[in-house]
Student: 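I have a structure I would like to understand better, so I am pasting it below and will then ask my questions one at a time.
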Amino acid sequence: MRRSGSTRRVGRTFRTVAAVVACGAALAALAAVPAQAREPGRHAPHWELKDSGTPEVRFRGLSAVSRNTAWVAGTAGTVLRTTDGGASWRNVSPPGAAELQFRDVEAFDARRAVVLAIGEGEASRVYRTDDGGATWTESFRNTDPRAFYDCLAFFDHRHGLAMSDPVDGRFRILSTGDGGRTWKVLPDDGMPAAQEGEAGFAASGQCLVTSGPKDVWLATGGAARARVLHSADRGLTWTAADTSIPAGDPARGVFGLAFRDRTHGLAVGGDYRADQASPQAAARTGDGGGTWRSAATPVAAYRSGVAWLPHSRSAALAVGPTGTDLTTDGGRTWRTVDSGSYDTVDCTPDLGCWAAGEKGRVARLEG
């Protein structure tokens, strides 16, 4: 059957993804090879759904450990874990958590993980497991009715942070130095004042991200300007920078961040309402978040999650309810490569990329 020009272009795009996952250094050369000249019979890279057995759950929390091991966390207090590449999933949800909404999970390996439940007051909680989810310990329960925790992130196996929407006019930061077993609220005198209506979005577990031993970034929206706050000292002091992603409404702003090192980062977001457009919903930085530039060709619609592809300096994926977009030039331009619904995405050094979202959807990049 004759292939249309658009079909050939889509095939070339997916083969570009395969080239990145196989070897980032070969990206440019392989992307230039016409699709029809590639290896006959080779399957185009694609998201392959892995049956989680939980069609009623929406997974906004995802932590990819490797191509074989991943954790997801979502509604109805649900936490799942796979150690065989998604062929099977074990329900390792904390007991008594059915009323909680898990929006973030950070896993260190197949046995150790920390999950965050969001909500006002005591609905915001943190749990940790050291035995693959067989048992959990509640290590933090928020007792301040003004706080609402959105995301957590770790620098290493011991040091991590969680962030809350502003309390008394400043974002609140929770810190751990023992892998999430205990937490303390950091002083807020090094935190810039929040804008009126400013908050984080607990949409993908990527409103707080780290790179290296001390750098961390916090994404905001809901106010007049969508901002990214940066700390180079594990959350003690922060600076704020405006982004080009539109805000000015409680439903708009930066929803997800990804940094491949302490200077090069991507931001995605938009307006999460399905009936609203999301123009200029992607931005990039090359100076650690000090300044942000709009993508020349932005993501096609609202996107809540973003991840750099393994061993690449220029390729990344962004996901949202209406599809997946790919950049191969460091966030300057994006193009849609899949129409499936996902809320979050994560990639691992051993060439594994995972995505998760509504209706129990979990997928791994194959091909």
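Because the structure is a prediction, the values reported are computed rather than measured.
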Student: Evaluate Ser341 against Glu358 for side chain to side chain donor-acceptor pair (under 3.5 Å), listing each step before the verdict.
Tutor: CA-CA 7 Å; Ser341 175; Glu358 63 179 345; 2.8 Å; yes

Student: With a 4.5 Å cut-off on side-chain heavy atoms, are Leu186 and Leu236 touching?
Tutor: yes

Student: With a 4.0 Å cut-off, would you call Arg364 and Glu48 a salt bridge?
Tutor: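 The answer is no: the pair does not qualify as a salt bridge.
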
Student: To the nearest 0.5 Å, what is the distance between CG (Asp287) and OG1 (Thr285)?
Tutor: 4.0 Å

Student: So does Arg103 pair up with Asp150, basic N to acidic O under 4.0 Å?
Tutor: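 Salt bridge between Arg103 and Asp150, a charged N being under 4.0 Å from a carboxylate O: no.
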
Student: Answer yes or no: is there an ion pair linking Arg67 with Glu366, defined by an N-O contact shorter than 4.0 Å?
Tutor: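 Between Glu366 and Arg67 there is a salt bridge, with a charged N closer than 4.0 Å to a carboxylate O.
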
Student: Run Asp325 and Thr327 through side chain to side chain donor-acceptor pair (under 3.5 Å) and show every step you take.
Tutor: CA-CA 7 Å; Asp325 295 322; Thr327 180; over 6 Å; no

Student: At their closest point, which heavy atom of Thr348 faces which heavy atom of Pro310, and how far apart are they?
Tutor: O-CG, 3.2 Å

Student: Please report the closest heavy-atom contact between Val114 and Gly179, naming both atoms and the distance.
Tutor: CG2-O, 3.5 Å

Student: Would Phe140 and Tyr149 count as a side chain to side chain contact (heavy atoms under 4.5 Å, CB included) here? Give the steps.
Tutor: CA-CA 11 Å; Phe140 172 77; Tyr149 285 85; 3.9 Å; yes

Student: Any Lys/Arg nitrogen of Lys214 or Asp233 sitting under 4.0 Å from an Asp/Glu carboxylate oxygen of the other?
Tutor: no

Student: Thinking salt bridges, do Asp249 and Arg273 make one under a 4.0 Å N-O criterion?
Tutor: yes

Student: For the backbone of Val345 and the side chain of Gln206, can you confirm whether one donor and one acceptor N or O come within less than 3.5 Å of each other?
Tutor: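 A pair under 3.5 Å: yes.
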
Student: Can you tell me how far the CG atom of Leu317 sits from the CG atom of Leu266, to the nearest 0.5 Å?
Tutor: 10.5 Å

Student: With distance as the sole test, does Thr324 use its side chain to make a donor-acceptor pair with the main-chain N or O of Asp338 at under 3.5 Å?
Tutor: no

Student: Donor-acceptor check, side chain of Ser124 to backbone of Gly119, threshold 3.5 angstrom: yes or no?
Tutor: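 Looks like yes, one N/O pair under 3.5 Å.
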
Student: Hydrophobic clustering (ILVMFWY, side-chain heavy atoms < 4.5 Å, transitive) - are Val337 and Val268 grouped together?
Tutor: no

Student: Between Ala199 and Asp165, what is the shortest heavy-atom contact and its length?
Tutor: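 Smallest interatomic distance, heavy atoms only, reads CB-OD1, 3.5 Å.
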
Student: Given side chains that start at C-beta, do those of Ile173 and Met191 come closer than 4.5 Å, heavy atoms only?
Tutor: yes

Student: Cluster question for you: counting only ILVMFWY and a side-chain heavy-atom cut-off of under 4.5 Å, with indirect links fine, are Met163 and Phe148 together?
Tutor: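 Not linked; separate clusters.
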
Student: Does Thr75 offer a backbone N or O that forms a donor-acceptor pair with the side chain of Thr78 under 3.5 Å?
Tutor: yes

Student: Apply salt bridge (charged side-chain N to carboxylate O under 4.0 Å, His left out) to Asp156 and Arg158, showing your working.
Tutor: CA-CA 5 Å; Asp156 51 43; Arg158 295 175 54 205; 5.9 Å; no

Student: What's the verdict on side chain to side chain contact (heavy atoms under 4.5 Å, CB included) for Gln195 and Arg227, showing C-alpha distance, side-chain angles and the deciding distance?
Tutor: CA-CA 10 Å; Gln195 304 172 85; Arg227 302 195 298 174; 3.4 Å; yes

Student: If every non-hydrogen atom of Ala107 is compared with every non-hydrogen atom of Ser63, which pair is closest and at what distance?
Tutor: N-OG, 2.9 Å

Student: Heavy-atom distance under 4.5 Å between the side chains of Cys353 and Asp346, does that happen here?
Tutor: no

Student: Could you check His264 against Arg284 for side chain to side chain donor-acceptor pair (under 3.5 Å), going step by step and ending with a plain yes or no?
Tutor: CA-CA 8 Å; His264 297 88; Arg284 59 191 172 90; over 6 Å; no

Student: A side-chain contact here means heavy atoms from C-beta on lying under 4.5 Å apart; do Leu80 and Trp71 qualify?
Tutor: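 No - every pair of side-chain heavy atoms lies 4.5 Å or more apart.
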
Student: Taking the side chain as C-beta and beyond, is there a heavy-atom pair between Arg181 and Thr137 under 4.5 Å?
Tutor: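 Side chain of Arg181 against side chain of Thr137, heavy atoms only: no contact under 4.5 Å found.
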
Student: Should Asp109 and Arg111 count as an ion pair when the cut-off is N to O under 4.0 Å?
Tutor: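 So Asp109 does not pair with Arg111 through a salt bridge.
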
Student: Taking NZ, NE, NH1 and NH2 as the nitrogens, is one of them in Asp130 or Arg112 under 4.0 Å from a carboxylate oxygen of the other?
Tutor: no

Student: For residues Gln280 and Pro246, determine if any side-chain heavy atom of one lies less than 4.5 Å from a side-chain heavy atom of the other.
Tutor: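 They are in contact (side-chain heavy atoms under 4.5 Å apart), so the answer is yes.
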
Student: Considering non-hydrogen atoms only, spot the tightest contact between Gly169 and Pro166 and give its length.
Tutor: C-CB, 4.2 Å

Student: For Arg90, look at atom CZ and say whether over 12 heavy atoms of other residues, nucleotides or ligands are found less than 6.0 Å away.
Tutor: no

Student: Check whether any side-chain N or O of Thr54 sits under 3.5 Å from a backbone N or O of Val57 as a donor-acceptor pair, and report yes or no.
Tutor: no

Student: Show me the pairs that pass ring-ring contact (aromatic ring centres under 6.0 Å, His included) and involve residues 272-310, at least two apart or across chains.
Tutor: Phe255-Tyr302

Student: Under the side chain to side chain donor-acceptor pair (under 3.5 Å) rule, what do Trp183 and Ser175 come out as? Steps first, then yes or no, please.
Tutor: CA-CA 5 Å; Trp183 297 85; Ser175 174; over 6 Å; no

Student: Looking only at atom types and distance, does a side-chain atom of Asp104 sit under 3.5 Å from a main-chain N or O of Cys151, one as donor and one as acceptor?
Tutor: no

Student: Could you go step by step and tell me if Phe154 and Phe108 meet the ring-ring contact (aromatic ring centres under 6.0 Å, His included) rule?
Tutor: CA-CA 9 Å; Phe154 278 82; Phe108 307 121; 5.0 Å; yes

Student: Within the 4.5 Å heavy-atom criterion, are Thr83 and Arg81 side-chain neighbours or not?
Tutor: yes

Student: Restricting to non-hydrogen atoms, name the atom on Gly331 and the atom on Ala295 that form the minimum distance, rounded to 0.1 Å.
Tutor: O-CB, 3.3 Å

Student: If you apply the rule side chain to side chain contact (heavy atoms under 4.5 Å, CB included), what do you find for Trp136 with Thr129, and how did you get there?
Tutor: CA-CA 5 Å; Trp136 293 86; Thr129 181; 3.6 Å; yes

Student: Would you say the ring centers of Phe102 and Phe59 fall short of 6.0 Å from each other?
Tutor: no

Student: What about Trp238 and Phe171, are their ring centers closer than 6.0 Å?
Tutor: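 No; Phe171 has its ring centre 6.0 Å or more from that of Trp238.
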
Student: Answer yes if the side chains of Ser204 and Ser304 hold a donor-acceptor pair under 3.5 Å, and no otherwise.
Tutor: no

Student: At what distance, to the nearest 0.5 angstrom, does CG of Leu326 lie from CH2 of Trp334?
Tutor: 7.5 Å

Student: With a 3.5 Å distance limit and no angle check, can you tell me whether Ser231 reaches the backbone of Thr237 through a side-chain donor-acceptor pair?
Tutor: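 Checking the backbone N and O of Thr237 against the side chain of Ser231, a donor-acceptor pair under 3.5 Å is found.
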
Student: Can we say Arg172 and Asp188 salt-bridge, meaning some charged N sits less than 4.0 Å from an Asp/Glu carboxylate O?
Tutor: no

Student: Would you please name every residue forming a side-chain contact (heavy atoms from CB on, under 4.5 Å) with His230, sequence neighbours left out?
Tutor: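 Only Asp215, Trp217, Ala232, Thr239 meet the side-chain contact (heavy atoms from CB on, under 4.5 Å) criterion with His230.
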
Student: Is a side-chain donor or acceptor of Thr297 paired with a backbone partner of Thr333 at a separation under 3.5 angstrom?
Tutor: no

Student: Taking Gly180's backbone N and O only, do any of them form a donor-acceptor pair with Ser139's side chain (distance below 3.5 Å, no angle check)?
Tutor: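 Checking the backbone N and O of Gly180 against the side chain of Ser139, a donor-acceptor pair under 3.5 Å is found.
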
Student: Identify whether Val209 and Val306 are in the same connected component of the hydrophobic contact network (ILVMFWY, side-chain heavy atoms under 4.5 Å).
Tutor: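 No: no chain of side-chain contacts under 4.5 Å links Val209 to Val306.
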
Student: Is there a donor-acceptor contact under 3.5 Å from the side chain of Thr243 to the main chain of Ile245?
Tutor: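 Yes, the answer is positive, given that a donor and an acceptor are paired below the 3.5 Å cut-off.
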
Student: Given side chains that start at C-beta, do those of Trp89 and Val362 come closer than 4.5 Å, heavy atoms only?
Tutor: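 They are in contact (side-chain heavy atoms under 4.5 Å apart), so the answer is yes.
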
Student: Can you spot which of Arg303, Arg361, Arg60 makes a salt bridge (charged side-chain N to carboxylate O under 4.0 Å, His left out) with Asp343?
Tutor: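 Testing each of Arg303, Arg361, Arg60 against Asp343, the sole residue satisfying salt bridge (charged side-chain N to carboxylate O under 4.0 Å, His left out) is Arg60.
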
